[in-house]
Every structure is written in C-alpha cells, then in structure tokens.
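Along the sequence shown, the residues carry numbers beginning at 1.
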Amino acid sequence: MKKFFKILKLLMIFVFLSVVFLIINKSKEHRPKYFKQNVFSSIEYLETPLHYSIIDVEKQSSDFSKLEYPNNKNLTKLLKNPKNLLWLKIEFEIPQELKDKDIGLFIGRLRSSAMLFINRKFVRKYGATPPAEMTSGYVAQYYMFEKNGLNPTGINTIYIQVWPGPMGAISKNVYIGEQAEIFRHAERLSYFNSKFILTFAGLSILISFLYFVLYFVLRKHKEIRKYLFYALTNFYTAHFLLYFFLTEMSWIKPPFISYLTVLKFSLCYGAFTTAYFASSFISSYLGYDASKKEIIIRLVLLAIPTILSFILPNESAFIKYMPFLIMLVVVQFGFCIPRIFKDLLNKEKRGNVIHILQAFLPLYVTLAVDVIVRIIEIDDTPIFTLYGWQVTIYIFLWQLLKQFGEMYIHNTTLKSQLESFNTNLESVVALRTKELSDANYVLSRGLESVSHVQKNFLPPEKNIFRGWDVSIFYQPLDNNVSGDLYDYYFTDTTLDGLGIFDVSGHGIPAGLMTILAKGIISQHFLNGLAQEESISEILEEINNTYIKEKVNVENYITGLLFHFSDFNKNGVCSVEVANAGHPYPILYNAEKGTFTEIKHENPDEQYGIIGVEGLEVSFPPVSFRMGKDDIIICFTDGLTEATNSEGEDFSKDRIISIIKENKNATADELTERIISAYKDFTQNKPAFDDTTLIVLKRTDPKDYIEEI
C-alpha cells in the first residue's frame, strides 16, 4: 500500500510538471516574435582615468581593443590600474528588421556601475563610480534609445562608462532589439535576481521575529534552543540577501557608506553568521548541546573571517581571499557532520537526521544546477542556490511547526490527564482501600504477605559506614504496606550512594511498585557507578526503565538519589545529588553553622517526576562538599506536611530548629528527637501518608579505622 501511494505521488508530480511545461510552451506560441541582433562580437574596451569624459574617450577611439571571450567574465582583470575605469564601445547599424521601430540595448547583469551614451547623447546610468562607488546590483541593465538620437542609415556608436568593481562581468547575450522585448526580458531577469530575493528576505525577517517571540515565551524548556537558532538563521539570511536586492531599496544605504563596506557587511558577515547559526540549529535539532570548548572554537572560526574581511583594504584583496573565507564558512558545518553520521546509525534518532537531509535536498540540487549552468555558460540565469536555501528554510519551518503542533496536542492531552489523575487519585485510592479492607480473609493475608516481602527487601534502618553516621525512621501509613522507599549502596564499609523515593498512592498498589522500583533503581545506580555516569544521567535512565516496566499502571514517583565520593586526606568528601520532584533535603554546614536547602541554583531547570510517559523531565545534578559534623536530612512529605489539630504543618523549620539545638548529637539521637517532636506536634492524630526520615551525619573516617 505504501509503494502504491509513492507511485501515485510521483505520477501526480509528473502530471503537474507536464501541465506547467505545456502551459509555458503554449504561451510561447502566442507570444509575438521579436528580432534581436547580438552585438557582443563588436564590443571594444579602453582603460581610462576617472576624470575622462565622453569627449576625451572619443578622441582615443582608435585605441580601443576588442573584448575577447572569456575576458568578459571578469572585467576587473582588464584594468592595469585598479583605480581606473573601463569604457566599452559598440558600433552598429540599425538592421532592416528594426527600421522605424523603438529600439534599445540589453546588457543583462553587469553587477557594477555603468553610464551609457549613444552618439554622444546621455541615455541612462546604473550605480555610481568612485569615490562614491556603488554597484547596480543584480538588476538587469538595459537602455532605451530615442529615435531622434539614432542614425537610421549610418553607424551608431555606443559608449558605456564602466566601473567594474570586484565582480564586474558582462554576458555574451548583449543585443539590440525592440524596446518591448528588452523591457520584458530585463524585468523578468531583475525579478528573479533581485525583487524575488527581496521577498525572501522579508519572509525571513518575519519568520525570525515569530520564532524570537516563541523562544522567549518557552525559553525555560531545554529543547527550545533550536527555535532561537532557527530565528537567528533567518535573521542573518535576510542580512546576507541584502546585497542582492540593495538596489531595489537604495534609500536604506546612507551616502557615506561605500560599496566595499556594503559588500563586507552584507555578503561576508551575513554569510559567516548564517553558517554559524545554521550549524548551531542543526546540532540543536538533533538534540546535541555544544560543549564550552566547541563554542569557543566555533566563535573563533566566526571571528577570523569576519575580522579579516573587514580589514581587507580593497575589492582586489577581497576577491583574492574569498576562497579562504568560504572554506572557513564550510568548516562551521563540519561540526554537524559527525553527529549526523552518528545519529544516522541510531534507529531511535535516525528520524531527525532524515528530516535534515530532506530539508537540505533543495540546496544540494540547486547548488548542482548552478555548477552545471556555470560550466555550460548559460547567461542571465538567477543564482538558483539562493532559492534552494530558502526552500530549505521553509521545509524546516514546516517541520518545526509540525513538531510544535504535535507537542502542543500531546502536552494538552497530558495536562488534562494529569489534572484528572490528581483530582481523582486520592478518592480512587481511598475507595480501593475501603474495598480492600472489606474484602475476605484471603485478601488480608495477601496484605500481610506484601508487607512481609517489602520489609525484607528494604535494607536495615541502622548500618555503620566509614565516615558516616546513618539513622533511618520508616513508618508505613497503615503499619503494613508503604509507598515510601529508601535504599543505600555500599562497597564493604564505604557508603557509595543513597536514595529516598515516594510512590504515589498507598497500600498494595504503591507497595508493589516500590518492589519494582527498588530493583530498577539499584541496578541503574550500580551500573552507572561502574560506567562513571553522572547522577543526573542515572536518574533519567531510571525514569525511562520504570516507564517501560510498569506498563499500564498509573502512578508516579518522586525521589532523591545521592552519590558520595571517597574521602580526601582531610576527611572531606564530594556529594552529588539529583532531585525528581521530591521535597528539598536540608544541609547543615558545621564549619559555617548554616542551614540550606539542597537544590539547583536555577530551580526552573529542575522539573519533572519519575514514571509519567511523555512528560519532559530535567534532573540537573547538584554538587557540594561535606566535612566532619556536616549533616544531611532527607524526608518524605508525610513528615513535613503532617498537621496538628489547628491545621498547621510540621514543616522544615521545626526540623531545622531541632538540628540547630542538637547539632552535636548522633544521627540516632537527632532522628529520635525529630520523631518525638513530630508525635508531640500531631498528638497522635492519624497520619495521612507514609513517613520516612533519613539523617546522615559526617564523622571522622579515621575514628572508624581506629575502632576496627
């Protein structure tokens, strides 16, 4: 079926192109036939100083040299002195086919300034000569002659004053013809070479504005950076295209700015920055974050050609160094290539690579077309690569809009599900708990079995580790099955890590999920430790595996995962912790006497919980050091959110107050005093949630060795 639709799609494209071809050919049949007389073979040239007038040039009429092919491709090379001008001379007799008709001269794209005289009479001027030189740009140059200024039976002499500039050229398609045909030809050429490019630039500015707004609205999300890079790519694309349509908007160029400055600012700087941000966009689209080293290297690669182009003294130097500047632009994209090949081999990431290759296909094709056109020397054709680049940008626009739409629909659905889940969770759990409590004896025996299994897989609440004094209080809501989970990971007498987690809900469902979660967490922590992964990466892997393993069970987990390094010679260790939506633990610094919540310096970058499919998560690591007598206090919300008869929360402040008054006590003593205060506060009021408290106090590692 897929092959059938592919064949059908190709047939439709073929039919569409065939219809377009027939329409174009049909329109050509009805188009009037116009006579043209090519005069390229009669063009002669003369180099003169800037101050030469038409009269001075006529005096040296015999000194003109024939303009031979391929010198017409680079008029600058004809100048012995780059500060001089060229004068072109064309002599012709009006052919019989053009007698008594309004005629003119078509030159095409000269890309420099030109001023034309016929039989000593001024006709028209494009651009400007030095010292205020300015190119005529990519518009087609043509000149209409008045009948009273022509010799109907004799020789007519055309003189064209030309400032070649850095890229001055003249095509071989220079002809005398009827004004109607010349105007149509020139307007068509100017449209595709200049006016249409102006439209592209306007669209790029509009797209960049929209995506700047979108980025600033959604900038808290990590993956949204690609919108910023896409906006900047569009902005600097318009910057680059300015060179091609500047003559259509000559009013935007102040008179004191030279053509060389425009060339450097638009064509060079615009190209360099476009390449830089396009490369950044591709990497971001693939989901890669650039390292600081890569950012510095790429900024240097951006700065070198930019600075070099701005210090070049003249157009000749600019042309000389152009290949080197282009090479540095290509190198910018070199950072993307390994990532593209890497993801192409990865089935899970291959989709984004295919999107990129599809988007760049128009650019590859039009670049090849431009090469072929230049090889076979077809004159007066537009630069197809500019069109290909714009199509590439629009394909990425479609892909980003599609992704954003899918993300919006997904998040809206997910938000609705979460709201419904949060609204009904407690009532559903309460209902199920009541149904279970009213069940028969077999079910109650099952509850005891689950409770027995759960208590056996949890580690002892008291253990001794070198350099650590650990104490744990663990109290299920119904004295049987708990949704709270704690675990610690150690090698011999060395404490490597610790976790505290809270599964949503209560009773058997939550208890069973703690059994599943414990195995997943333990496996990933130990594997991650062996592979030297960060605690953040470990927690993200736990999230992915838990989502797959729990299948259709609707619950989630909050939690903390710690990793402890070995002690240095001063008895200080490094701690790394990642948080998945859990209450912030408290850190007491004995040296400073301060209490702080352990959380990321930018809380907006820390979001998400474990176990919700499709929910974006970010568990950035938090690192700090601990010395002797420093204390970490972790807990589930069953402790801090417990209320008294007046509805007040037990809160973290009470825990901090107890630690402050008993900072020299052991971990067991601190745990006992916190729990005692908790019971006094609630006055044996029934708990609403499972309660877990962990106190970790740093001790001197040497004391442990001495006890051994």
Undergrad: Are the side chain of Ser309 and the backbone N or O of Cys268 linked by a donor-acceptor pair below 3.5 Å?
TA: no

Undergrad: Is any side-chain heavy atom of Ile610 less than 4.5 Å from a side-chain heavy atom of Ile547?
TA: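 Not touching, per the 4.5 Å side-chain cut-off.
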
Undergrad: So do the side chains of Tyr227 and Leu400 get within less than 4.5 Å of each other, counting heavy atoms only?
TA: yes

Undergrad: Is a donor from one side chain sitting under 3.5 angstrom from an acceptor on the other, for His524 and Thr545?
TA: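 Present: a donor and an acceptor within the cut-off.
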
Undergrad: Considering only heavy atoms from C-beta outward, does the side chain of Val577 approach that of Ile535 to under 4.5 Å?
TA: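 Val577 does not reach Ile535 side chain to side chain.
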
Undergrad: Show the numbers, then the answer: is there a side-chain contact (heavy atoms from CB on, under 4.5 Å) between Asn579 and Lys599?
TA: CA-CA 8 Å; Asn579 190 325; Lys599 58 183 178 181; over 6 Å; no

Undergrad: Please find the pair of heavy atoms, one from Phe619 and one from Gly608, that lie closest to each other, and give the distance.
TA: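 Closest heavy-atom pair between Phe619 and Gly608: CE2-O, 3.6 Å.
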
Undergrad: Could you grab the distance from atom CD1 of Ile356 to atom SG of Cys336, nearest 0.5 Å is fine?
TA: 7.5 Å

Undergrad: Does Tyr288 have more than 12 heavy atoms from other residues, nucleotides or ligands lying within 6.0 Å of its OH?
TA: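 Buried by this count: over 12 neighbours within 6.0 Å.
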
Undergrad: How far apart are the closest heavy atoms of Val612 and Asn543, and which atoms are they?
TA: N-OD1, 4.4 Å

Undergrad: Which atom pairs, one a donor and one an acceptor, fall under 3.5 Å between side chains of residues 389-396 and the rest of the protein, sequence neighbours left out?
TA:
from: Trp389; atom 1: NE1; to: Thr237; atom 2: OG1; distance (Å): 3.1
from: Gln390; atom 1: NE2; to: Tyr394; atom 2: OH; distance (Å): 3.2
from: Thr392; atom 1: OG1; to: Ala359; atom 2: O; distance (Å): 2.8
from: Thr392; atom 1: OG1; to: Gly388; atom 2: O; distance (Å): 3.1

Undergrad: Search all heavy atoms of Ser204 against all heavy atoms of Ala238 and return the closest pair with its distance.
TA: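 It is CB-CB, 4.1 Å.
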
Undergrad: Hey, are Asn602 and Glu605 close enough side-chain-wise for a donor-acceptor pair under 3.5 Å?
TA: yes

Undergrad: Do Tyr285 and Gln403 pair up side chain to side chain, a donor and an acceptor below 3.5 Å, judged on atom types alone?
TA: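 Yes, side-chain donor-acceptor contact under 3.5 Å.
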
Undergrad: How many angstroms lie between atom CZ of Phe229 and atom OG of Ser283, to the nearest 0.5 angstrom?
TA: 8.5 Å

Undergrad: If every non-hydrogen atom of Pro382 is compared with every non-hydrogen atom of Asn193, which pair is closest and at what distance?
TA: CA-OD1, 2.9 Å

Undergrad: Could you tell me whether the side chains of Glu47 and Tyr45 share a donor-acceptor contact shorter than 3.5 Å?
TA: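 On atom types as modelled, these side chains do not qualify, holding no pair under 3.5 Å.
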
Undergrad: Using a cut-off of 6.0 Å, state whether more than 12 heavy atoms not belonging to Phe624 lie near its atom CZ.
TA: yes

Undergrad: Quick one: are the ring centres of Tyr142 and Phe106 less than 6.0 Å apart?
TA: no

Undergrad: Output the distance between atom CG (Leu75) and atom OG (Ser112), rounded to the nearest 0.5 Å.
TA: 6.5 Å

Undergrad: Give a yes or no on this: more than 12 heavy atoms of other residues, nucleotides or ligands lie within 6.0 Å of atom CZ of Phe341.
TA: no

Undergrad: Between Tyr126 and Tyr143, how do the two ring planes meet: parallel, tilted or perpendicular, split at 30° and 60°?
TA: perpendicular

Undergrad: Looking at every heavy atom in both Pro164 and Thr76, which two are closest together, and how far apart are they?
TA: CB-OG1, 3.7 Å

Undergrad: Rounded to the nearest 0.5 Å, how far apart are CG of Leu198 and OH of Tyr191?
TA: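 Here the interatomic distance stands at 10.0 Å.
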
Undergrad: Less than 4.5 Å apart, side chain to side chain, heavy atoms only: is that true for Phe525 and Leu561?
TA: yes

Undergrad: Please determine whether side-chain contact (heavy atoms from CB on, under 4.5 Å) holds for the pair Ile609 and Val617, giving the CA-CA distance in whole Å, both sets of side-chain angles, and the decisive distance to 0.1 Å.
TA: CA-CA 7 Å; Ile609 52 180; Val617 299; over 6 Å; no

Undergrad: List in chain and number order the residues that pass side chain to side chain contact (heavy atoms under 4.5 Å, CB included) with Phe310, two or more places apart in sequence or in another chain; answer none if no residue qualifies.
TA: Lys264, Phe265, Tyr269, Thr306

Undergrad: Examine distances only and state if a side-chain atom of Ser190 and a backbone atom of Val139 form a donor-acceptor pair shorter than 3.5 Å.
TA: no

Undergrad: Ring centroids only, cut at 6.0 angstrom: are Tyr276 and Tyr236 within range, meaning strictly under it?
TA: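 Tyr276 vs Tyr236: aromatic centres not under 6.0 Å.
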
Undergrad: Indicate whether any N or O donor in one side chain lies under 3.5 Å from an N or O acceptor in the other, for Tyr52 and Asn84.
TA: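 There is no such pair between these side chains.
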
Undergrad: Determine yes or no for a side-chain-to-main-chain donor-acceptor pair under 3.5 angstrom, with Thr558 supplying the side chain and His582 the backbone.
TA: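 No.
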
Undergrad: Would the Phe192 and Phe384 ring centres measure less than 6.0 Å apart?
TA: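 Centroid separation for Phe192 and Phe384: 6.0 Å or greater.
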
Undergrad: Take Glu294 and Arg339 through the test salt bridge (charged side-chain N to carboxylate O under 4.0 Å, His left out) and record every step on the way to the result.
TA: CA-CA 13 Å; Glu294 178 184 330; Arg339 292 165 179 171; 2.4 Å; yes

Undergrad: What heavy-atom pair brings Phe240 and Ser266 nearest, and what distance separates the two atoms?
TA: O-OG, 3.2 Å

Undergrad: Is there side-chain contact between Thr274 and His239, with at least one heavy-atom pair below 4.5 Å?
TA: no

Undergrad: Any side-chain heavy atom of His355 sitting closer than 4.5 Å to one from Leu286?
TA: no

Undergrad: How long is the straight-line distance from CZ of Arg350 back to CG of Leu345, given to the nearest 0.5 Å?
TA: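 If I round to the nearest 0.5 Å, the distance is 7.0 Å.
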
Undergrad: Given the rule in the side-chain contact (heavy atoms from CB on, under 4.5 Å) test, do Ser208 and Phe212 qualify, once you have shown the distances and angles that lead to the verdict?
TA: CA-CA 6 Å; Ser208 67; Phe212 274 131; 4.3 Å; yes

Undergrad: Quick one: side chains of residues 323-334, donor-acceptor pairs under 3.5 Å with protein atoms, not counting sequence neighbours, listed by atom name and distance.
TA:
from: Gln332; atom 1: OE1; to: Arg298; atom 2: NE; distance (Å): 3.0
from: Gln332; atom 1: OE1; to: Arg298; atom 2: NH2; distance (Å): 3.4
from: Gln332; atom 1: NE2; to: Arg298; atom 2: O; distance (Å): 3.0

Undergrad: Enter the distance from Ser534:OG to Leu539:CG here, rounded to the nearest 0.5 Å.
TA: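 Answer for the OG-CG pair, Ser534 versus Leu539, is 9.5 Å.
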
Undergrad: Could you please spell out the steps behind the side-chain contact (heavy atoms from CB on, under 4.5 Å) verdict for Val162 and Leu85?
TA: CA-CA 6 Å; Val162 177; Leu85 297 179; over 6 Å; no

Undergrad: Pick out which of Val371, Leu363, Val369, Val365 makes a side chain to side chain contact (heavy atoms under 4.5 Å, CB included) with Thr385.
TA: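 Testing Thr385 for a side chain to side chain contact (heavy atoms under 4.5 Å, CB included) against Val371, Leu363, Val369, Val365 leaves exactly one candidate, Leu363.
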
Undergrad: Would you say Leu228 and Tyr211 make side-chain contact, with heavy atoms under 4.5 Å?
TA: no

Undergrad: Given side chains that start at C-beta, do those of Gln161 and Lys125 come closer than 4.5 Å, heavy atoms only?
TA: no

Undergrad: State yes or no: are the ring centers of Phe196 and Tyr387 separated by less than 6.0 Å?
TA: yes

Undergrad: Going by distance alone, is a donor N or O of one side chain under 3.5 Å from an acceptor N or O of the other, for Trp87 and Thr48?
TA: yes

